Amino acid sequence: MVNIGIIGVGLVGSELISQLSAHISQNGTPTFKVIALMNSTKQLLSNSSYSSLTLSSWKNDLSAKGTTSNLNSFINYLSEAPTPSIVIDNTSSQEIADSYPLFIEKGLHIVTPNKKAFSSDLKLYREIREKAAEKRRFIYHESTVGAGLPVLSTLTDLIRTKDKIIKIEGIFSGTLSYIFNEFSKLDGEKKNFSEIVKIARENGYTEPDPRDDLNGLDVARKVVILSRLTGKDLSLDTLPVENIVPESLRTLDSATEFMASLTQYDEYFQKLNTTANNDQQVLRYIGVIDPIGDKSEVKLVSLSSSHPFAALKGSDNIISFTTERFPSPLIIQGAGAGAAVTAFGIFSDLFKISDRT
Ligand code: NHO
């Protein structure tokens with residue numbers, strides 16, 4: 001039996017608890033037991049015999065019986081439980097990411113969709129990797145790239161079996177995938193760029209402020225994560241990233257002002273699109289990982305309509321691995337955004353650890 005403590009019970013964390021709950025109720029001898037939950041204000045720990053929390057009423061229990069959040073007491077409780085124990089970080093907190101070395105020190109395995117530990121400070125990244133190797137603890141973060149798509153596991157398998165990675169390219173943002181799939185196509189109804197961003201925002205596909213998607217930082221983090229896995233120590237401050245938020249709109253105070261002003265740039269984006277379409281091409285926002293040279297980047301490109309990235313639908317992600325064994329690239333494609341698939345990626349990581357402990 002694997003003990004689990006969950007930090008972060010928002011969109012993804014709640015969905016993960018539903019998936020875990022379904023697994024636990026359908027299995028006579030479930031593999032996992034959730035013994036601790038925490039959000040930014042409250043935490044709920046089970047008891048001194050580390051029995052399972054009642055997942056059907058976790059929300060009420062957390063708000064009615066929860067005590068004030070305290071990361072140290074949470075981690076101490078989890079680390080004193082019979083091993084193995086996994087801490088799941090479902091936050092986007094840098095503070096929690098900075099604590100991973102401590103979690104490992106305390107004997108915990110880690111699973112997370114939080115990109116911060118793997119794409120921020122290189123020193124932290126190295127410390128986590130070294131400590132995990134030294135203490136023989138596992139860290140899985142499949143959902144940091146492509147949500148639940150098997151992107152990191154595939155790359156790890158390619159590397160472990162000594163294939164040579166030549167290039168990785170992809171559409172890594174569900175939001176930007178949706179925006180450009182809708183905006184830049186050869187057939188069908190053409191809409192203004194601002195209108196599509198507005199629809200995406202209204203449907204909850206973008207961050208509350210869409211500039212946080214359009215600035216490319218989320219894609220840049222994913223490129224850094226993949227690059228570091230290939231052994232190339234890329235950092236956010238050296239990676240060229242094309243920020244497609246028009247310069248004059250970057251300093252506007254609110255998302256509302258930004259949305260209102262984006263219409264001024266419809267003609268600019270339309271021109272880019274028309275130029276591409278005239279050559280039977282479409283616009284796509286891609287990340288490129290170059291493990292051999294220095295050409296990793298994040299940018300808006302025009303791609304031929306026959307390119308596999310051109311045929312993408314909705315908010316799907318697509319990731320293409322060109323390697324010595326796969327000169328014709330190995331391509332992974334599918335839903336790359338949303339709580340259900342992100343939680344699936346986390347859940348499958350839990351099984352990887354339970355299989356190995
Ligand atoms: P929420 O809903 O804001 O929940 C965060 C939770 O963490 C809350 O319970 C909050 O109280 C708690 N929390 C924050 N700071 C804390 C602290 N210091 N101590 C304790 N608790 C703390 O966030 P989400 O949406 O559930 O996201 C959670 C993590 O998953 C983030 O790292 C996020 O980047 C990652 N993630 C989310 C999604 C998603 O569907 N929301 C995706 C991938 C990764 O594939 C998904 C996606 O859509 C990706 C993207 N939008 C794209 O490709 O376009």
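Since we're looking at a predicted model, the values are computed, not measured. First listed ligand is number 1; within each ligand, the first listed atom is number 1.
- In terms of heavy-atom proximity, Asp89 sits nearest to Thr112 at O-OG1, 2.6 Å.
- Counting only distance, with no hydrogens or angles, the side chain of Ser348 and the backbone of Gly345 share a donor-acceptor pair below 3.5 Å.
- Taking any N or O of Ala147, backbone or side chain, none lies under 3.5 Å from an N or O belonging to ligand 1.
- For ligand 1, the atoms closer than 4.0 angstrom to any heavy atom of Gly336 are 45 (O), 53 (O).
- A donor-acceptor pair shorter than 3.5 Å cannot be found between the side chains of Asn114 and Ser92.
- Ligand 1 has a nitrogen or oxygen under 3.5 angstrom from a nitrogen or oxygen of Gly10.
- Considering Ala97, Gly146, Gly174, Ala200 only, the shortest heavy-atom separation from atom 52 (C) of ligand 1 involves Gly174.
- Salt bridge Lys352/Asp349: present, at least one basic N to carboxylate O contact under 4.0 Å.
- Among the atoms of Asp218, none of the N or O lies under 3.5 angstrom from an N or O of ligand 1.
- For atom 25 (O) of ligand 1, the closest non-hydrogen atom on the protein side is Leu11 CB, 3.7 Å.
- Of all the atoms in ligand 1, the ones that sit under 4.0 Å from a non-hydrogen atom of Gly338 are 40 (O), 45 (O), 46 (C), 47 (C), 48 (O).
- Both Leu16 and Phe32 belong to a common hydrophobic cluster when Ile, Leu, Val, Met, Phe, Trp and Tyr are linked at side-chain heavy-atom distances under 4.5 angstrom.
- The closest approach between Lys222 and ligand 1 falls below 4.0 Å for a heavy atom of the residue.
- Atom numbering of ligand 1 starts at 1 in the shown order; those under 4.0 Å from a heavy atom of Thr342 are 38 (C), 40 (O), 42 (C), 43 (C), 44 (C), 45 (O), 46 (C).
- Using a 4.0 Å heavy-atom cutoff, Ser93 is listed among the residues neighbouring ligand 1.
- Between Thr91 and ligand 1, an N or O atom pair is found at a separation short of 3.5 Å.
- Remark: ligand 1 atoms within the under-4.0 Å shell around heavy atoms of Gly8 are 6 (C), 7 (O), 9 (O), 12 (C).
- Numbered from 1 in the order shown, with element, the atoms of ligand 1 that lie under 4.0 Å from a heavy atom of Ile7 read 20 (C), 21 (N).
- Figure legend: cation-pi geometry between Arg221 and Phe118 absent, as NZ or CZ is not positioned both under 6.0 Å from the six-membered ring centre and within 45° of its axis.
- Ranking protein heavy atoms by distance to atom 27 (O) of ligand 1, first place goes to Val12 CG2, 3.9 Å.
- Polar contact with ligand 1: present for Ser40 (N/O pair, distance under 3.5 Å).
- Polar contact check, Met38 against ligand 1: no nitrogen or oxygen pair lies under 3.5 Å apart.
- Side-chain atoms of Ser69 come within 3.5 Å of backbone N or O of Lys42 as a donor-acceptor pair.
- Only the backbone of Ala339 comes within 4.0 Å of ligand 1, counting heavy atoms alone; no side-chain atom from C-beta on gets that close.
- Atoms of ligand 1 found under 4.0 Å from any heavy atom of Asn114, numbered from 1 in the order shown, are 32 (O).
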